[in-house]
Amino acid sequence: MTQTPVPREPDQNIFLYDTMQRQKVRFIPGTPGRVGMYLCGPTVYSDAHLGHAKKEVAFDVVRRAFLHFGYQVRYVANITDVGHLQNDADDGEDKIAKRAALEQLEPMEVADKYFWSFVKDMDALNIMKPSINPRATGHITEQIRLIEELIERGHAYESQGSVYFDVRSWPEYGKLSGRRLEDQEEGTREAVREEKRDPRDFALWKRAEAGHIMRWDSPWGVGFPGWHIECSAMSLKYLGEGFDIHGGGLDLQFPHHEAEIAQSEAAGHAFARYWMHNNMLTIGGEKMSKSKGNFTTIQDVLSQHDAMVVRFLLVSSHYRSVTEFSEEAFESARNGYRRLTETLNELERRLPLAPAGNHSEVDAQIAAQRLAFDDALRDDFNTPKAVAALFGLTSVLNRALGAGDLPQGTLNAAREAYLDLGGSVLGLFADSGAPATGRDETEVVGALMDLVLKARQHYRLSKQYAQADELRDTLSKVGVTVEDTKDGVRWKR
Ligand SMILES: Nc1ncnc2c1ncn2[C@@H]1O[C@H](COP(=O)(O)OP(=O)(O)OP(=O)(O)O)[C@@H](O)[C@H]1O
Ligand SMILES: [Zn+2]
């Protein structure tokens with residue numbers, strides 16, 4: 001029987017690493033008991049890759065942890081469907097428009113196609129849906145208004161139909177990334193530089209050239225918004241002045257987040273009070289990225305691996321650590337995840353038959369692992385330590401289950417600890433609360449393996465050894481080993 005969780009007082013002892021203050025600090029919400037979070041989402045011009053999954057899972061766990069600790073969370077994650085130009089710079093082609101030309105689609109068709117693909121990936125990875133999922137093209141008015149405020153205050157200027165932020169008018173520009181103005185690159189092409197007062201000024205609004213499809217009327221003529229302004233406009237609109245947490249990947253600190261802060265504060269708005277950045281998922285030591293082409297899409301990964309194993313892999317490293325993508329990492333995630341689910345399955349198998357009562361010693365050990373789990377999360381959402389507590393719980397239970405029958409009260413407490421911590425907080429058991437590698441899949445795999453081994457036996461008997469070996473090698477590539485023993489053929493995953 002599942003008990004309804006007792007509502008808890010919001011926990012006051014949550015510490016997070018604030019990129020702006022460069023240290024771990026106690027989290028104090030702007031409004032008691034509530035958390036407002038904004039996360040920079042994807043630019044929807046291609047399928048999401050595993051790097052995006054790392055970021056989404058990281059912040060999904062932060063959100064789930066706040067819920068666990070008794071907070072209400074408003075989670076705003078945007079979708080960039082205009083204004084993100086090649087090389088993240090402020091000239092060049094719009095990433096979405098470029099893709100539209102390539103696929104012979106309307107830009108909005110491209111954005112929708114990849115938006116829905118993103119939603120499907122996020123659902124598979126058991127990421128909670130954002131409270132609000134605003135799109136840049138739906139907030140052009142708000143962006144224009146913010147640009148007007150900046151011009152009125154003397155921090156932005158119009159030049160030939162485009163509007164730029166005047167970085168020299170805002171000495172704090174650079175405070176998040178620690179870059180001093182004089183060290184910043186002067187990246188832009190000559191023609192655009194001539195429009196700017198300073199080459200480091202960044203675009204708030206761009207004049208649309210003749211062939212540019214995505215265009216809107218504005219006080220400065222027909223054009224489109226710069227990439228950074230959407231996040232300022234939408235986060236302030238939905239979370240309000242001085243909202244709690246702004247998140248995103250480390251790679252966005254400069255220029256994107258730096259620009260967001262400057263343009264919001266220079267317009268007179270209090271911006272995010274805490275900044276959280278996830279580190280990168282790498283491949284061969286390099287950031288996995290769409291534009292570099294070194295990516296594996298989430299769909300590809302999910303065709304090879306159980307979604308919950310992928311999620312387990314991602315939560316097993318800390319959000320501020322690099323996660324290197326490799327087959328070995330999947331292998332060990334698969335094993336680790338199986339250890340958890342096997343014990344949970346065993347608990348569920350024994351529950352209906354168990355005698356009433358409690359085993360106080362095991363109850364105390366379960367409670368201790370729960371505390372360790374919570375402590376880990378309070379310490380900057382330390383998921384590897386939280387996972388270690390789940391393994392601690394697993395060891396306690398395996399020992400106790402091995403020693404004999406456990407009473408129902410204790411089995412229930414253990415099951416609830418798994419579903420609460422592993423399920424609700426780390427999101428590892430999909431929303432049904434049932435482990436993803438439950439009995440059904442085991443039955444299907446068992447039946448398929450019987451078939452494959454029969455075929456292998458047939459090849460061997462008819463001396464078609466190459467085919468028999470090929471079957472075995474293919475199985476070993478997906479982590480299934482086949483052994484010939486004196487009692488017959490055995491296989492294991
Ligand atoms: N390899 C990665 N690891 C972790 N987070 C990532 C990774 N790649 C992108 N992100 C994060 O995902 C969000 C969306 O990024 P974006 O759409 O720019 O992806 P990208 O692959 O870097 O694309 P591009 O190469 O076109 O810049 C950002 O917050 C970014 O930090
Ligand atoms: Zn953003």
Side-chain angles (χ1 to χ4, degrees), residues 19 37-60 76-89 92-96 98-99 110-111 114-115 117-118 121-122 125 127 130 133-136 139 143 176-177 202 225-239 243 245-264 271-272 275-298 301 313-314 317-325:
T19 316
M37 288 177 72
Y38 183 89
L39 182 66
C40 289
T43 305
V44 277
Y45 72 99
S46 69
D47 288 323
H49 57 66
L50 201 59
H52 299 126
K54 172 167 166 89
K55 176 196 61 138
E56 297 294 337
V57 168
F59 287 97
D60 183 54
V76 182
N78 72 303
I79 296 291
T80 298
D81 56 359
V82 68
H84 197 168
L85 306 186
Q86 293 295 314
N87 308 319
D88 299 350
E93 272 184 283
D94 183 298
K95 293 185 185 194
I96 289 177
K98 185 177 174 195
R99 188 65 179 229
V110 169
Y114 293 110
F115 168 69
S117 143
F118 182 72
D121 292 346
M122 296 302 105
L125 290 169
I127 311 268
N133 206 184
R135 286 164 71 145
H139 297 77
Q143 295 175 71
L176 176 75
S177 58
F202 57 87
W227 169 36
H228 314 305
I229 196 78
E230 64 172 277
C231 287
S232 294
M234 297 190 292
S235 57
L236 288 167
K237 174 172 172 125
Y238 295 114
L239 294 169
F243 63 88
I245 298 174
H246 192 311
L250 258 184
D251 57 325
L252 295 190
Q253 266 186 73
F254 187 89
H256 186 56
H257 291 160
E258 204 69 79
E260 280 188 40
I261 295 168
Q263 68 206 359
S264 306
F271 206 50
W275 282 87
M276 293 179 70
H277 289 98
N278 65 279
N279 212 323
M280 294 295 108
L281 183 111
T282 55
I283 179 154
E286 239 193 301
K287 178 201 166 195
M288 182 177 279
S289 126
K290 277 185 290 205
S291 44
K292 280 196 207 119
N294 63 346
F295 61 89
T296 306
T297 63
I298 296 176
V301 172
L313 172 96
L314 295 172
S317 70
H318 191 234
Y319 78 92
R320 282 196 294 118
S321 305
V322 166
T323 307
E324 172 71 11
F325 170 76

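Counting starts at 1 for both ligands and their atoms, following the listed order.
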>> Quick one, Asn78 and Cys231 - any side-chain contact, counting heavy atoms below 4.5 Å?
In response: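 Sidechains of Cys231 and Asn78: in contact.
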>> Less than 4.5 Å apart, side chain to side chain, heavy atoms only: is that true for Phe271 and Ser235?
In response: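 In contact.
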Any [X] heavy atom less than 4.0 Å to ligand 1:
X     : result
Gly41 : yes
Leu39 : no
His49 : yes

>> Show me which atoms of ligand 1 lie under 4.0 Å from any heavy atom of Thr43.
In response: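 Contacts of ligand 1 toward Thr43, numbered from 1: 17 (O).
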Could you grab the distance from atom [atom1] of [X] to atom [atom2] of [Y], nearest 0.5 Å is fine?
X      : Y      : atom1 : atom2 : result
Phe115 : Arg135 : CZ    : CZ    : 6.0 Å
Lys55  : Leu50  : NZ    : CG    : 13.0 Å
Glu324 : Met288 : CD    : CE    : 9.0 Å

> By atom name, which N, O or S atom of Glu260 is the nearest to the Zn ion (ligand 2)?
Replying inline: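 Looking at Glu260, the N, O or S atom with the least distance to the Zn ion (ligand 2) is OE2.
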> Do you know which N/O/S atom name in His256 is closest to the Zn ion (ligand 2)?
Replying inline: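 Looking only at N, O and S atoms of His256, the one nearest the Zn ion (ligand 2) is named NE2.
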>> We want to know whether Ser177 and Gln253 form a side-chain donor-acceptor pair, criterion being a heavy-atom distance below 3.5 angstrom.
In response: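 Distance-only check fails for Ser177 and Gln253.
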> Among Thr282, Asn294, Asp251, whose side chain to side chain donor-acceptor pair (under 3.5 Å) with Lys287 holds?
Replying inline: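 Passing option: Asp251.
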Based purely on interatomic distance, does [X] place a nitrogen or oxygen under 3.5 Å from a nitrogen or oxygen of ligand 1?
X      : value
Met288 : yes
Gly249 : yes
Gly51  : yes
Lys54  : no
Leu281 : yes

Does only the side chain of [X] get under 4.0 Å from ligand 1, or the backbone, or both, or neither? Count heavy atoms.
X      : value
Lys292 : neither
Asn279 : backbone
Tyr45  : side chain

>> Could you work out, with ring-ring contact (aromatic ring centres under 6.0 Å, His included) as the rule, every residue matching His257, not counting sequence neighbours?
In response: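 In terms of ring-ring contact (aromatic ring centres under 6.0 Å, His included), with neighbours along the sequence ignored, His257 is linked to His246, Trp275, His277.
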> Listed by chain and number, what are the ring-ring contact (aromatic ring centres under 6.0 Å, His included) partners of His256, not counting sequence neighbours?
Replying inline: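 If we apply the ring-ring contact (aromatic ring centres under 6.0 Å, His included) test to His256, skipping adjacent residues, the hits are Trp227, His228.
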> Nearest heavy-atom pair of Ser289 and Phe295: which atoms, and what distance?
Replying inline: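 Smallest heavy-atom distance, with atoms named: O-CD2, 3.5 Å.
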>> Tell me whether the Zn ion (ligand 2) has His228 as a neighbour, meaning an N, O or S atom of it below 2.8 Å.
In response: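 His228 does not place any N, O or S atom closer than 2.8 Å to the Zn ion (ligand 2).
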